[in-house]
Amino acid sequence: ASKKNHYVYYALSGAPLFSKKGKQLGCVINAYSVDERRKKEAELIQSEEKFRLTTDSASDGIILINSHDEITYWNKGAEKIFGFSEEEIMGKSLHKTMIPMADAPMVSEGLAGFEQTGTGSVVGITRDVHAQRKGGEVFPCEVSVNAVNLDFEWHAVGVIRDITDRKRHEKELLEAKQLAEKANQAKGLFLANMSHEIRTPMNGIIGMTGLALKTGLDQKQKGYLDKIKFSAETLLNIINDILDYSKIEAGMLDLELVNFSLSDVLDNVRSLIQV
């Protein structure tokens with residue numbers, strides 16, 4: 001029937017009608033409206049199409065498996081990541097197709113009891129695992145697994161992201177960090193060794209200057225040697241500071257609170273620059 005270009009759908013069923021003597025008198029027609037059912041079917045098809053378009057536009061792989069480990073949904077992202085087309089993979093076992101042999105026991109344990117309860121140690125969490133492409137290549141991926149009940153049967157929905165590039169970058173960063181730490185350790189060792197090497201002749205200069213000061217000197221010579229001794233001791237302190245710098249980087253520095261005479265410090269500075 002039609003009213004303003006709106007069609008109403010009916011389902012018809014018929015059966016012949018016979019007399020007692022077997023003569024066909026006509027037929028009985030039963031008609032009932034299926035308009036509401038057709039609307040729901042159309043809405044369902046439209047909803048499924050929207051879902052398909054949405055998931056196919058995702059770069060991540062989206063996989064649905066039933067409680068018997070059979071793949072029942074496979075989007076374009078999964079096809080790109082794993083290399084299997086939808087026709088090749090539908091109905092196949094997830095464990096036998098995409099899980100490396102070494103990781104299969106861990107995945108099986110994680111889905112133990114899933115068929116009855118929809119739960120498992122891998123359900124509801126995101127974790128890094130290894131998967132296997134069509135050609136046999138094993139690669140790292142990030143997997144998020146959740147459970148959904150469809151037609152009174154538990155299904156696992158997995159969202160898979162290829163993290164090969166991320167893992168490579170993490171490895172490169174770790175290697176760069178280790179290299180920088182080794183270079184820093186070598187620098188600290190060099191500073192420590194150099195400070196020790198320089199302190200040996202500096203101690204000799206200070207010691208010999210001290211002995212020279214005990215000999216017969218006029219006032220001018222004594223003043224010169226006093227300045228040499230003071231400069232040598234100052235340089236030795238700088239060398240010790242360099243050693244302390246290396247200790248800071250190694251986390252081994254100890255601080256001391258030492259009393260000093262401000263007037264002596266100023267006198268020493270004045271004596272060095274008075275010329």
Side-chain angles (χ1 to χ4, degrees), residues 43-182:
E43 290 173 356
L44 180 60
I45 292 173
Q46 186 178 26
S47 177
E48 290 177 347
E49 184 65 20
K50 287 181 179 178
F51 175 75
R52 168 67 69 175
L53 290 172
T54 301
T55 57
D56 280 348
S57 65
S59 58
D60 292 341
I62 301 176
I63 300 174
L64 188 68
I65 63 170
N66 61 21
S67 58
H68 306 296
D69 191 40
E70 297 169 341
I71 298 171
T72 58
Y73 182 79
W74 186 262
N75 77 330
K76 294 292 184 183
E79 183 175 325
K80 183 178 179 181
I81 292 172
F82 291 95
F84 292 99
S85 66
E86 185 177 9
E87 293 76 16
E88 290 177 306
I89 204 67
M90 291 295 284
K92 298 290 182 63
S93 167
L94 174 75
H95 286 72
K96 294 179 180 179
T97 309
M98 292 178 294
I99 305 299
M101 187 177 298
D103 293 344
M106 180 269 293
V107 177
S108 297
E109 182 180 346
L111 290 173
F114 181 80
E115 181 178 353
Q116 289 77 30
T117 64
T119 60
S121 62
V122 299
V123 178
I125 64 172
T126 300
R127 63 189 303 173
D128 292 351
V129 298
H130 287 90
Q132 185 171 290
R133 304 190 204 273
K134 182 179 179 180
E137 177 193 356
V138 176
F139 67 99
C141 62
E142 181 184 85
V143 178
S144 176
V145 180
N146 285 286
V148 60
N149 195 302
L150 300 174
D151 296 327
F152 306 101
E153 182 181 2
W154 285 107
H155 288 68
V157 181
V159 179
I160 298 97
R161 176 170 297 175
D162 188 341
I163 57 173
T164 302
D165 290 341
R166 191 186 82 187
K167 288 294 185 180
R168 183 175 65 253
H169 292 157
E170 289 176 353
K171 182 180 178 182
E172 290 173 353
L173 287 173
L174 179 60
E175 290 175 349
K177 177 177 178 292
Q178 292 173 342
L179 184 62
E181 289 175 347
K182 288 181 180 179

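His130 and Pro100 get closest at one heavy-atom pair: O-CD, 3.4 Å. Considering every non-hydrogen atom in both Ile71 and Met98, the closest pair reads CD1-CE, 3.6 Å. Across all their heavy atoms, Glu181 and Lys177 have their closest contact at OE2-NZ, 2.6 Å. When all heavy atoms of Phe82 and Gln132 are compared, the closest pair comes out as CD2-O, 3.5 Å. Nearest heavy atoms, Pro140 versus Asp162: O-OD1, 3.6 Å.
A donor-acceptor distance shorter than 3.5 angstrom exists from the side chain of Arg133 to the backbone of Ile81, with no hydrogens or angles considered. Checking side-chain atoms of Lys92 against main-chain N and O of Glu88 turns up a donor-acceptor pair under 3.5 Å. Remark: the backbone N or O of Thr126 is not paired with any side-chain donor or acceptor of Ser144 at under 3.5 angstrom. In this structure a side-chain-to-backbone donor-acceptor pair under 3.5 Å is present from Asn75 to Ile62.
For Lys80, there are no side-chain contact (heavy atoms from CB on, under 4.5 Å) partners, not counting sequence neighbours. Under the rule for a side-chain contact (heavy atoms from CB on, under 4.5 Å), the partners of Glu172 that lie at least two apart in sequence or sit in another chain are Arg168, His169.
Below 30°, between 30° and 60°, or above 60°: for Phe84 and Trp74 the angle between ring planes is above 60°, a perpendicular geometry.
To the nearest 0.5 Å, the span separating NE2 on His155 from CD1 on Ile65 amounts to 9.0 Å. If you take CD1 on Ile89 and OG1 on Thr97, they are separated by 4.5 Å, rounding to the nearest 0.5 Å. For the atom pair CD of Glu70 and NE2 of His95, the computed distance is 13.0 Å after rounding to the nearest 0.5 Å.
Side-chain contact between Tyr73 and Val157 is absent, with no heavy atoms from C-beta onward closer than 4.5 Å. When side chains are defined from C-beta on, Arg166 does not count as touching Arg161, because their heavy atoms never get closer than 4.5 Å.
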